[in-house]
Amino acid sequence: MNAPIFIRNASQLVTLQGSSAAPLVKEEMSELGIIKNGSVWIENGLVQAIGTDEEMVKKYADRLGEADVVDASGKLVTPGLVDPHTHLVFAGSRENEFNMRLQGATYMEIMNSGGGIYATTNRTQSATHEELFQESYQRLNQFLRHGVTTVEAKSGYGMEWETERKQLEVARELNEKHVIDVVSTFMGAHAVPKEYKSNPDEFVGKLINEMIPKVAELELAEFNDVFCEHGVFTPEQSKQILEAGRRYGLIPKIHADEIEPYEGAELAAEVGAISADHLLKASEKGMKAMAEKGVVAVLLPGTAYFLMAESANGRKMVDLGVPVALSTDCNPGSSPTVSLPFIMNLGCLKMGLTPAEVLVAATINAAHAINRGGEIGSLEVGKKGDVTIFNVDNYMKLQYSYGVNHTDTVVKNGKVVVRGGQLIEEFSLS
Ligand code: NIG
Ligand code: FE
């Protein structure tokens with residue numbers, strides 16, 4: 001059994017208390033539940049008590065000697081960051097396409113000429129399980145260094161069963177072996193394979209009748225995602241795929257209105273998706289439908305930045321009552337980053353969100369987007385001992401002083417895994 005961890009005397013301790021039941025909306029997204037000079041006692045992997053340092057020292061007076069004390073004075077303490085949308089498991093990189101885009105080629109042109117998702121699919125198909133595991137493990141280490149303690153991971157670089165299965169099995173092994181919690185999503189519907197281009201419905205049939213039942217049988221994923229986009233999957237096909245997943249217990253998610261408006265937000269509300277992601281081109285009608293149904297908008301301003309597109313209208317979504325979360329979209333084509341704090345900065349500068357709103361979006365609302373609002377995303381008694389300590393003395397400075405990794409200490413499941421910005425050695429090895 002590990003020693004208890006006593007994080008003491010934070011300049012600001014962001015608790016987000018009272019947010020476990022439902023994602024925060026509108027003005028609630030500005031209520032951080034800050035405790036000044038705050039301390040947290042973590043034991044058996046869970047938050048046991050939280051309060052001012054004075055209160056906590058009194059409460060634990062008899063046991064102070066037992067604890068691993070982490071001095072957080074002058075620092076910001078938040079719930080461990082949660083990334084609810086990544087394509088974590090992939091092989092290779094695509095800097096050649098980055099260069100092509102800088103010279104005028106578009107993301108969809110590159111994809112339609114056999115690059116893009118197809119290029120990464122080829123690399124991922126030929127990589128071994130072990131190679132994919134090693135590459136993705138290193139990415140998880142980078143996530144941890146940026147203060148992220150839970151990561152959602154999608155398949156989708158397979159386009160046939162064996163590779164989809166390999167990706168999901170790698171994600172499962174990462175969840176078991178890496179300290180970060182990895183939450184799996186099946187995204188067989190990421191692109192239409194070339195051999196099905198003349199008859200995409202045949203591929204949709206394969207997804208529905210063959211792959212989804214196998215994912216469910218082998219318990220390889222919790223969620224089912226689809227790239228609903230002009231030239232990829234139509235709203236009608238997307239609906240069939242998401243409803244089929246639902247019949248097998250997979251919760252729907254959707255890549256919606258990313259490149260062109262396609263009524264993806266409306267579809268997310270109609271099928272009762274837990275989240276609709278991207279939404280750069282979402283209609284107001286779609287946003288309102290999402291607000292009504294409580295569908296979380298997972299916004300990815302790093303993708304807009306990297307594709308040189310206008311970001312989603314996060315400000316409008318918050319004002320309309322859509323619960324907003326933020327994510328890196330970490331993938332080799334449209335957002336090769338693990339820096340959720342940088343994404344939060346883009347949330348402020350490119351989407352008009354406040355520093356308080358982006359912190360909610362990258363913690364508790366992100367947790368709700370992956371059905372984990374009851375376990376992570378806020379610091380409350382009984383929740384996981386997942387905590388990030390930043391080397392700034394207030395939450396606004398985290399966004400203001402941008403492009404710098406302020407992560408100082410990370411506690412995951414009640415264990416210190418990053419200290420002084422460095423991974424503890426035992427977690428850095430695979
Ligand atoms: O979320 N839009 C589709 N999928 C990813 C990009 C994947 C890639 O380019 O490899 C996204 O942007
Ligand atoms: Fe994505």
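Counting convention: from 1, in listed order, for ligands and their atoms alike. We number each residue from 1, following the sequence as shown.
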Can you give each donor-acceptor pair under 3.5 Å made by side-chain atoms of residues 203-210, sequence neighbours left out, with the distance rounded to 0.1 Å?
from	atom 1	to	atom 2	distance (Å)
Lys206	NZ	Glu210	OE1	3.3
Asn209	ND2	Gly205	O	3.1

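Qualifying side-chain contact (heavy atoms from CB on, under 4.5 Å) partners for Glu284, counting only residues two or more places apart in sequence or in other chains: Lys288, Lys316, Leu320.
Between Phe98 and Phe306, the distance separating the two ring centers is shorter than 6.0 angstrom. The ring of Phe342 has its center closer than 6.0 angstrom to the ring center of Tyr305.
Counting only distances under 2.8 Å, and ignoring water, the protein N, O or S atoms around the Fe ion (ligand 2) are His85 NE2, His87 NE2, His255 NE2, Asp329 OD1.
Relative orientation of the Tyr137 and Phe133 rings is tilted, given thresholds of 30° and 60° on the angle between their planes. Ring geometry for His255 against His190 counts as tilted: the plane angle lies between 30° and 60°, on a 0 to 90° scale.
Protein residues with a heavy atom closer than 4.0 Å to ligand 1 are His85, His87, Arg94, Tyr107, Ile117, Tyr157, His190, Phe227, His255, Glu258, His278, Asp329, Asn331, Gly333, Ser334, listed by chain and number.
Judged by distance alone, with hydrogens and angles left aside, the side-chain atoms of Asn365 form no donor-acceptor pair with the main-chain N or O of Val360 at under 3.5 Å.
Neither side chain, Thr163 nor Gln125, offers a donor N or O lying under 3.5 Å from an acceptor on the other. A side-chain N or O of Glu380 and one of Ser20 form a donor-acceptor pair less than 3.5 Å apart.
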